[in-house]
Amino acid sequence: MTDDRRFVNGHPFVRHEFEARPADEMVERADSFFDEMDRRRSIRDFSDKPVPRALIEKAIQTASTSPSGAHRQPWRFVVVGEPGLKSQIRNAAEAEEKVNYEGGRINDEWREALEPLQTTWEKPFLETVPWIVVVFEERYGINPDGSRRHNYYVKESVGMACGIFVAALHHMGLATLSHTPSPMAFLTKLLGRPENERPFALFPIGFPADECWVPDLVRKPLSEVIAEP
Ligand code: IYR
């Protein structure tokens, strides 16, 4: 056994190779990462330009580096590229959203909150995009004997993984929308997922349309984001 591995109460540990950086390089990297992330926007006008599946898989692999409760990694990323399935997702999502928008499931307060986004029940981008990734949370695992294995902080874990997923896509030059067609139960059936999984969010992924408009939203200033104890 080398110096870089040891057992702690019988459990394997490895030495962590932390990458220490000079102070000026830390500031430079902090600034440039902020600038890059600040250019990210959620979009709804997508092009049908193809995207290699390998890029989607790399973004999923990156997302899967997320921290998770007890390292249970309670997420599944379902990659949908088949046009028929995308159409089925669009149709089912629009059916639910039509009830939201026109059937009264969105109350006045909510409607007012959505007004600046100008969203409607129509979701054509679900057919336009080359890929839809549907993220499922694994509510509990299944042991080899069929019994349930508890997962911890599932929503927190999957939420963090989705954040890293969005950042990875943006970093590689792809655009997405964090979308939660509501209710999402239809995705379990459509994608044949087991009972221990629940849909968490859906990400249409591709390039923006030649003309793509987004709401002129303002990010909160730091003074409204940071609070002192
Ligand atoms: N799910 C609907 C409504 C909607 C809700 C929120 I909160 C948004 O940030 C955006 C939309 C839809 O997708 O249109």
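For reference, positions follow the sequence shown, starting with 1. Every number for a ligand or one of its atoms is a count from 1 in the order of the listing. Because the structure is predicted, anything quoted here is derived from the model rather than measured.
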Subject >> Contact summary for Gly206 and Val51, nearest pair of heavy atoms >> reply: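 Of all heavy-atom pairs spanning Gly206 and Val51, the closest is CA-CG2, 4.1 Å.
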Original post:
Looking only at heavy atoms, which two atoms of Arg148 and Asn143 are closest? And how far apart?
Top reply: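 Here Arg148 and Asn143 meet closest at O-ND2, 3.5 Å.
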Original post:
Is any N or O atom of Glu97, backbone or side chain, closer than 3.5 Å to an N or O atom of ligand 1?
Top reply: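 It does: an N or O of Glu97 is found under 3.5 Å from an N or O of ligand 1.
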Original post:
N/O of Tyr101 under 3.5 Å from N/O of ligand 1, yes or no?
Top reply: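 There is such a contact, yes.
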**OP:** Do me a favour and list the nearest non-hydrogen protein atom to atom 9 (O) of ligand 1 with residue, atom name and distance?
**Re:**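 Result: Leu117 CD1, 3.9 Å.
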Original post:
Is there a side-chain contact (heavy atoms from CB on, under 4.5 Å) between Arg139 and Glu195 once you walk through the steps?
Top reply: CA-CA 9 Å; Arg139 297 157 56 229; Glu195 156 64 24; 3.4 Å; yes
Atom indices of ligand 1 within 4.0 angstrom of [X] heavy atoms, with elements:
{"X": "His179", "result": "13 (O)"}
{"X": "Leu114", "result": "3 (C), 4 (C), 5 (C), 6 (C), 8 (C), 10 (C), 11 (C)"}
{"X": "Thr120", "result": "14 (O)"}
{"X": "Lys123", "result": "12 (C), 13 (O), 14 (O)"}

Original post:
Any side-chain donor-acceptor pair under 3.5 Å between Ser68 and Gln73?
Top reply: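 No donor-acceptor contact under 3.5 Å links the two side chains.
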Subject >> Any donor-acceptor N or O pair under 3.5 Å, side chains His170, Glu36 >> reply: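 Note: His170 and Glu36 side chains miss the donor-acceptor criterion.
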Original post:
Does Trp110 reach ligand 1, in the sense of a heavy atom lying below 4.0 Å from it?
Top reply: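 It does, in that a heavy atom of Trp110 comes within the 4.0 Å cut-off of ligand 1.
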**OP:** Consider ligand 1: state whether an atom of it lies below 4.0 angstrom from any non-hydrogen atom of Asn100.
**Re:**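 Heavy atoms of Asn100 never come under 4.0 Å of ligand 1.
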Original post:
Trp131 and Val79: side-chain contact (heavy atoms from CB on, under 4.5 Å), yes or no, with the steps?
Top reply: CA-CA 7 Å; Trp131 301 104; Val79 183; 3.6 Å; yes
Original post:
Arg105 and Glu96: salt bridge (charged side-chain N to carboxylate O under 4.0 Å, His left out), yes or no, with the steps?
Top reply: CA-CA 10 Å; Arg105 275 207 300 234; Glu96 295 288 8; 2.9 Å; yes
